[in-house]
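Computation of the quantities below employed the complete heavy-atom set of this structure, encompassing side-chain atoms and omitting hydrogens, waters and symmetry-equivalent molecules.
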Amino acid sequence: MCGDVLITIDNLDVGRAIDAGEFVPHFQPFVNLRTGELRGYELLARWKHPERGWIPPDEFIPLAERDGWIDRLTRELLWKGFRSIAELSHAPVLAINISPVQLHNLGLPNQIQSIAEQSGFSLKQLIIEITESALTEDVERALLIATALKEMGCQLALDDFGTGYSSLSHLQSLPFDELKVDRSFVSSMTEQRDSRKIVAAVVGLGQSLGLSTVAEGVETREQAEMLRWMGCELGQGWFFGKAAPAEEIAVGGWEIPKKISSGLSHEVVGRLSISSLDGLPAERLAQLQAVYDGAPVGLAFLDRNLRYVSLNRRLANMNGRPMSEHLGRTVPEMIPELFPTVEPYIRRALKGESIPGVEITRPASGTNESRRDLLLSYEPARDEAGEVVGVSIALMDVTPLKKAEEARRESEEHFRHMMELMPQIPWIIDPEGRALDVSHRWLELSGMKGEEWRDFGWLEALHPDDRQPTMDAVRGAMESGEPIDVYYRVRKSENDEWTLIRSRGSARLGQDGEIICWYGSLEPVEEGLP
């Protein structure tokens with residue numbers, strides 16, 4: 001049946017289906033595991049085919065990515081999903097999963113923002129889920145897109161954590177707010193000790209880094225109670241409710257609070273006692289130390305008297321003192337030069353406040369050491385009664401990132417200055433023809449303003465009769481790989497004469513021979529077409 005569907009679905013069928021509204025967003029709830037309160041929904045794609053019935057997403061999403069209609073499908077689902085959530089009175093958050101293919105599109109943030117504005121949906125309610133596998137090809141481009149989404153107010157979640165590659169480096173390089181524990185670990189953790197260890201380690205790492213943790217695939221009360229005991233904040237899965245269309249969540253949703261008990265059941269307590277989660281203190285300490293030392297950041301736990309109870313080697317090295325010297329001693333004793341700066345944040349955390357993303361500068365302490373830029377997070381630690389017993393601190397040395405960012409900005413400024421001095425008008429477009437960069441003199445020539453030229457906006461400056469022939473010529477060059485060479489007309493205002501422009505460009509190819517982007521230039525033609 002799966003093979004038959006894959007064979008018979010074609011682009012014409014897809015176009016008809018989208019126009020007919022057959023792609024319907026469904027919403028699956030995720031909840032606060034401690035209180036049982038609804039936090040929000042994850043938007044999931046469903047296709048209701050008039051002849052085949054419901055086609056599952058694992059059959060049509062790969063086709064959408066392969067055949068190039070994933071962007072159109074995403075726009076359709078976001079438009080419907082945003083409108084549905086915007087109409088609800090309780091304003092929940094909405095999580096959406098971005099295809100790895102779409103993380104190559106630098107215009108993605110603007111597309112999402114445009115749809116949100118048109119549908120009346122606040123991007124502060126949006127969580128963008130990115131899988132680890134999507135980050136393995138082009139982390140730099142993913143960082144640009146992620147940064148743009150964060151600046152728009154979106155939150156970011158690292159999906160399927162632990163199933164991809166270089167998980168910790170991704171946590172360090174991208175501004176995530178959440179970790180999603182993969183369902184494969186959650187589904188087996190009540191039976192397999194190793195799965196329990198992995199889930200506990202992921203939750204602990206998330207807490208140390210000031211990130212929320214979300215467990216996927218929760219199907220039983222036992223799993224929900226065990227996750228809550230481990231400190232996982234949010235849960236999602238059939239136990240709380242299957243994905244449903246908008247009309248069902250609009251009339252009240254699920255009876256979620258009743259599904260979480262106030263304490264651990266005897267069955268869960270028994271399993272936890274058998275597992276290593278309730279092991280001897282030395283074993284628990286060894287497990288915690290392994291997580292600490294494996295993290296790419298400095299980590300420490302302080303008691304209420306600001307004494308170091310535990311820390312990892314990375315933090316000890318940052319402080320320039322052995323781990324053994326830290327234990328039992330206070331922060332002002334170990335880092336007297338920084339204590340006046342960090343003390344207010346520690347005190348606030350001891351009062352129960354979570355403080356992520358504090359940037360400070362550590363001055364040079366010797367002739368061989370330069371100043372360092374640090375990023376710190378402070379998270380209060382509570383006992384079973386909810387009392388704050390200490391503070392978990394995560395510290396990241398972002399000096400290399402800062403220097404790289406400064407070097408990138410300087411390089412961009414040099415490049416921009418060089419572009420403005422050239423007699424031609426340089427431009428850059430992506431493999432599909434979306435404008436990524438152009439000299440400021442294009443605005444003077446075309447009369448466009450601000451960022452109107454971005455994406456396919458540059459086509460609006462062309463003479464109406466030249467737009468389609470221009471795109472046909474660009475697409476032809478993209479298919480053949482031959483240089484772009486096209487003529488079209490532009491003018492600054494309706495009162496000006498049309499100016500004939502010649503646009504020429506060549507493709508930049510990756511190691512696999514695929515087109516990465518196109519570089520070219522524009523120049524007015526004085527004597528008409530050749």
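Partners of E233 according to the salt bridge (charged side-chain N to carboxylate O under 4.0 Å, His left out) rule, which considers only residues two or more places apart in sequence or in another chain, do not exist here. Considering only residues two or more places apart in sequence or on other chains, Q102 meets the side-chain hydrogen bond (donor to acceptor under 3.5 Å, both in side chains) condition with D71, T74.
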* **Verdict with reasoning, L78 to F121, per side-chain contact (heavy atoms from CB on, under 4.5 Å)** => CA-CA 10 Å; L78 288 184; F121 178 82; over 6 Å; no
* To do: Determine, step by step, whether I429 and V438 satisfy the side-chain contact (heavy atoms from CB on, under 4.5 Å) criterion, reporting the C-alpha distance in whole Å, the side-chain angles of both residues, the deciding distance to 0.1 Å, and the verdict.
  => CA-CA 9 Å; I429 61 176; V438 71; over 6 Å; no
* **Q118/F82 under side-chain contact (heavy atoms from CB on, under 4.5 Å): CA gap, chis, key distance, verdict** => CA-CA 9 Å; Q118 295 176 44; F82 284 176; over 6 Å; no
* Asked: Yes or no on side-chain contact (heavy atoms from CB on, under 4.5 Å) for V199 and Q223, after CA distance, side-chain angles and deciding distance?
  -> CA-CA 11 Å; V199 174; Q223 292 170 350; over 6 Å; no
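Between the side chains of Q155 and E178, no donor N or O sits under 3.5 Å from an acceptor N or O. Counted by atom type alone, S99 and E65 present one or more donor-acceptor pairs between their side chains at under 3.5 Å. Judged by distance alone, the side chains of D455 and N110 never bring a donor and an acceptor atom under 3.5 Å apart.
A distance of 11.5 Å separates OG1 in T213 from NZ in K180, rounded to the nearest 0.5 Å. Taking CD from E222 and CE from M189, the interatomic distance works out to 8.0 Å, rounded to the nearest 0.5 Å. Rounding to the nearest 0.5 Å places CZ of R141 at 11.5 Å from CG of L108. The structure places CD1 of I425 at 5.5 Å from CG of L522, a figure rounded to the nearest 0.5 Å. Rounding to the nearest 0.5 Å gives a distance of 12.5 Å between CG of L43 and CD1 of I127. The CZ atom of F176 sits 9.5 Å away from atom CG of L211, with the distance rounded to the nearest 0.5 Å.
Scanning all heavy atoms of the two residues, the minimum distance from A394 to L299 falls at CB-CD2, 3.7 Å. In plain terms, the two heavy atoms of I115 and S119 that are nearest each other are O-OG, 2.8 Å. Heavy-atom minimum distance, G81 versus P25: N-CG, 4.1 Å.
A donor-acceptor pair under 3.5 Å links the side-chain atoms of D303 to the main chain of N305, judged by distance alone. A donor-acceptor contact shorter than 3.5 Å is absent between the side chain of S114 and the backbone of Q111. For the pair T361 (side chain) and D373 (backbone), a donor-acceptor distance under 3.5 Å is absent. Under the 3.5 Å distance criterion, the side-chain polar atoms of D437 are left unmatched by any main-chain donor or acceptor of I428. Under a 3.5 Å cut-off, the side chain of R307 and the backbone N or O of G328 do not form any donor-acceptor pair. A donor-acceptor pair is defined here as one N or O able to donate and one able to accept, closer than 3.5 Å; such a pair exists between the side chain of W458 and the backbone of G433. Not one N or O on the side chain of Q236 forms a donor-acceptor pair closer than 3.5 Å with the backbone of E216.
Looking at heavy atoms from C-beta onward, R196 lies in side-chain contact with M226 at the 4.5 angstrom threshold. Counting only heavy atoms from C-beta outward, the side chains of V297 and L395 never approach each other to under 4.5 Å. Within the 4.5 Å cutoff, no side-chain heavy atoms of W442 are placed close to those of W427. A heavy-atom distance below 4.5 Å is not found between the side chains of V358 and L374. The side-chain heavy atoms of F185 and V202, taken from C-beta on, include no pair separated by under 4.5 Å. Two residues are said to be in side-chain contact when any heavy atoms from C-beta on lie closer than 4.5 Å; I96 and I128 meet this criterion. In this structure, F240 and L33 have side chains that are in contact, with non-hydrogen atoms separated by less than 4.5 Å. For the pair R39 and V31, the minimum side-chain heavy-atom distance is 4.5 Å or more.
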Which atom pairs, donor and acceptor, lie under 3.5 Å between side-chain atoms of residues 145-154 and protein residues at least two apart or in another chain?
from	atom 1	to	atom 2	distance (Å)
T147	OG1	L143	O	2.8
K150	NZ	D177	OD1	2.8
K150	NZ	D177	OD2	2.9

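Listed by first and then second residue, the salt bridge (Lys or Arg N to Asp or Glu O under 4.0 Å) pairs involving residues 110-120 amount to none (not counting sequence neighbours). Sorted by first then second residue, the salt bridge (Lys or Arg N to Asp or Glu O under 4.0 Å) pairs that include residues 507-519, not counting sequence neighbours, number zero. Counting only residues at least two apart or in different chains, side-chain hydrogen bond (donor to acceptor under 3.5 Å, both in side chains) contacts with residues 315-325 comprise N319-H326, N319-R362, R321-E325.
Classification of E432 and R434 as a salt-bridged pair holds, one side-chain N sitting under 4.0 Å from a carboxylate O.
Looking at L376, L302, I355 one by one, the single match for side chain to side chain contact (heavy atoms under 4.5 Å, CB included) with I346 turns out to be L302.
Ring-plane geometry between Y345 and Y378 is classed as parallel, the angle between the planes falling under 30 degrees on a 0 to 90 degree scale with a further cut at 60.
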